[in-house]
Amino acid sequence: SARRESESAFGDGRLIVEKAIVGGRHVEIQVMADAHGNVLYLGERDCSLQRRRQKVIEEAPSPVISPDMRKRMGEAAAEAARAVGYRNAGTVEFLYDPAAKEFYFLEMNTRLQVEHPVTEMVTGLDIVALQFDVAEGKKLPLTQEDIRLNGHAVEARLYAEDPAKGFLPQTGRIVRFDPPAGVRVDKGVETGDEVSAFYDPMIAKVIAHGATRGEVCAKLAAALD
């Protein structure tokens with residue numbers, strides 16, 4: 001079936017057969033690179049909780065990545081950025097196989113990702129400010145040894161969707177938008193705004209940070225309630 005589709009669309013029926021990773025995790029590494037050859041990796045994010053292949057919940061650090069694996073993945077991501085002379089914030093995405101404890105390259109996003117706040121919360125760094133510094137030609141003010149992960153952070157994306165219709169995107173006026181206290185809320189709407197059909201249905205992000213994963217999940221759940 002795949003060969004027929006390929007021949008029909010591209011006139012070429014050759015296929016690449018990829019290994020199936022059962023129970024794989026979507027784990028990505030945040031990198032930051034300047035114009036002076038310095039590349040840092042800022043830990044990892046686990047973005048495995050998705051719907052329709054779109055991320056919904058993201059957390060840092062990943063609950064399945066050990067310190068040794070973090071170092072391996074981080075160094076691989078930094079090397080990928082270094083190899084192409086990259087300069088900016090970027091995200092190197094991997095598929096992680098928990099059973100085999102191996103990881104496989106997926107892609108690199110040459111921009112800041114929606115889920116960057118969880119990395120900011122656990123590293124204490126302002127990645128957007130670092131981007132401005134790099135764009136101005138400044139050197140990164142840190143070394144890899146300076147990067148420390150503090151606690152745990154989890155982000156939930158808020159979507160304008162209709163649960164009664166399989167969570168399909170929904171348009172209309174926002175009657176009330178009342179962000180919760182005690183957590184970080186990155187929002188793109190206010191009460192009275194219209195959600196149109198011309199953009200992604202994500203309208204805000206709610207990010208909780210704390211000492212442990214359990215504490216953070218409870219805090220985020222309370223904020224969402």
Side-chain angles (χ1 to χ4, degrees), residues 1-33 39 41 44-60 62-65 69 72-119 131 154-172 186 188-189 194-205:
S1 176
R3 184 175 286 112
R4 284 197 303 271
E5 182 175 339
S6 179
E7 288 173 343
S8 173
F10 309 111
D12 189 337
R14 290 176 296 175
L15 303 177
I16 297 173
V17 180
E18 296 185 335
K19 181 178 180 179
I21 307 298
V22 179
R25 308 280 295 212
H26 185 132
V27 178
E28 59 190 33
I29 305 289
Q30 178 74 62
V31 297
M32 194 75 217
V39 182
Y41 61 89
E44 83 284 354
R45 296 185 288 259
D46 196 309
C47 308
S48 302
L49 288 174
Q50 304 181 10
R51 184 178 64 241
R52 294 196 293 269
R53 299 181 181 84
Q54 290 295 313
K55 301 168 186 175
V56 178
I57 300 290
E58 300 112 349
E59 60 181 306
S62 168
V64 300
I65 298 297
M69 182 58 66
R72 281 182 59 197
M73 296 179 76
E75 289 177 349
E79 184 55 36
R82 196 175 288 112
V84 296
Y86 190 70
R87 174 187 172 190
N88 193 5
T91 306
V92 183
E93 304 197 357
F94 296 101
L95 186 64
Y96 177 70
D97 183 348
K101 291 184 169 50
E102 289 294 341
F103 59 93
Y104 305 89
F105 175 80
L106 287 175
E107 64 177 354
M108 180 176 182
N109 283 296
T110 54
R111 55 180 170 80
L112 202 60
Q113 297 267 94
V114 171
E115 57 273 19
H116 79 273
V118 293
T119 298
Q131 281 188 294
V154 182
E155 171 182 295
R157 301 187 183 197
L158 296 189
Y159 290 100
E161 296 178 337
D162 187 350
K165 295 182 179 178
F167 292 93
L168 289 174
Q170 188 178 49
T171 61
D186 292 4
V189 296
E194 289 283 336
V195 176
S196 76
F198 302 113
Y199 302 99
D200 187 277
M202 186 182 69
I203 57 174
K205 305 176 291 185

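Please read all numbers here as calculations on a predicted model, not as lab measurements.
- In this structure, Tyr159 has no ring-ring contact (aromatic ring centres under 6.0 Å, His included) partners at least two apart in sequence or on a different chain.
- With a 4.5 Å cut-off on side-chain heavy atoms, Asn88 and Thr110 do not count as touching.
- Across all their heavy atoms, His26 and Ser48 have their closest contact at N-OG, 3.0 Å.
- Using a cutoff of 4.0 Å between basic side-chain nitrogens and carboxylate oxygens, Glu28 and Lys55 are scored as salt-bridged.
- Here the closest non-hydrogen pair linking Pro63 and Asp46 is CD-OD2, 3.9 Å.
- Taking the centre and axis of the six-membered ring of Phe167, the NZ or CZ atom of Arg51 falls inside the cone set by 45° and 6.0 Å.
- A salt bridge does not link Glu75 to Arg82: none of the charged side-chain nitrogens sits closer than 4.0 Å to a carboxylate oxygen.
- Heavy atoms only, all atoms of each residue included: Tyr86 and Arg111 are closest at OH-N, 3.7 Å.
- Remark: Glu107 pairs with Glu93, Asn109 by the side chain to side chain contact (heavy atoms under 4.5 Å, CB included) rule, at least two apart or across chains.
- In terms of heavy-atom proximity, Val31 sits nearest to Ala77 at CG1-CB, 3.9 Å.
- Using a cutoff of 4.0 Å between basic side-chain nitrogens and carboxylate oxygens, Glu102 and Lys19 are not scored as salt-bridged.
- Of all the heavy atoms in Glu59 and Val118, the pair that sits closest is C-CG2, 4.3 Å.
- Among residues two or more places apart in sequence or in another chain, the salt bridge (Lys or Arg N to Asp or Glu O under 4.0 Å) test is passed with Glu58 by Arg157.
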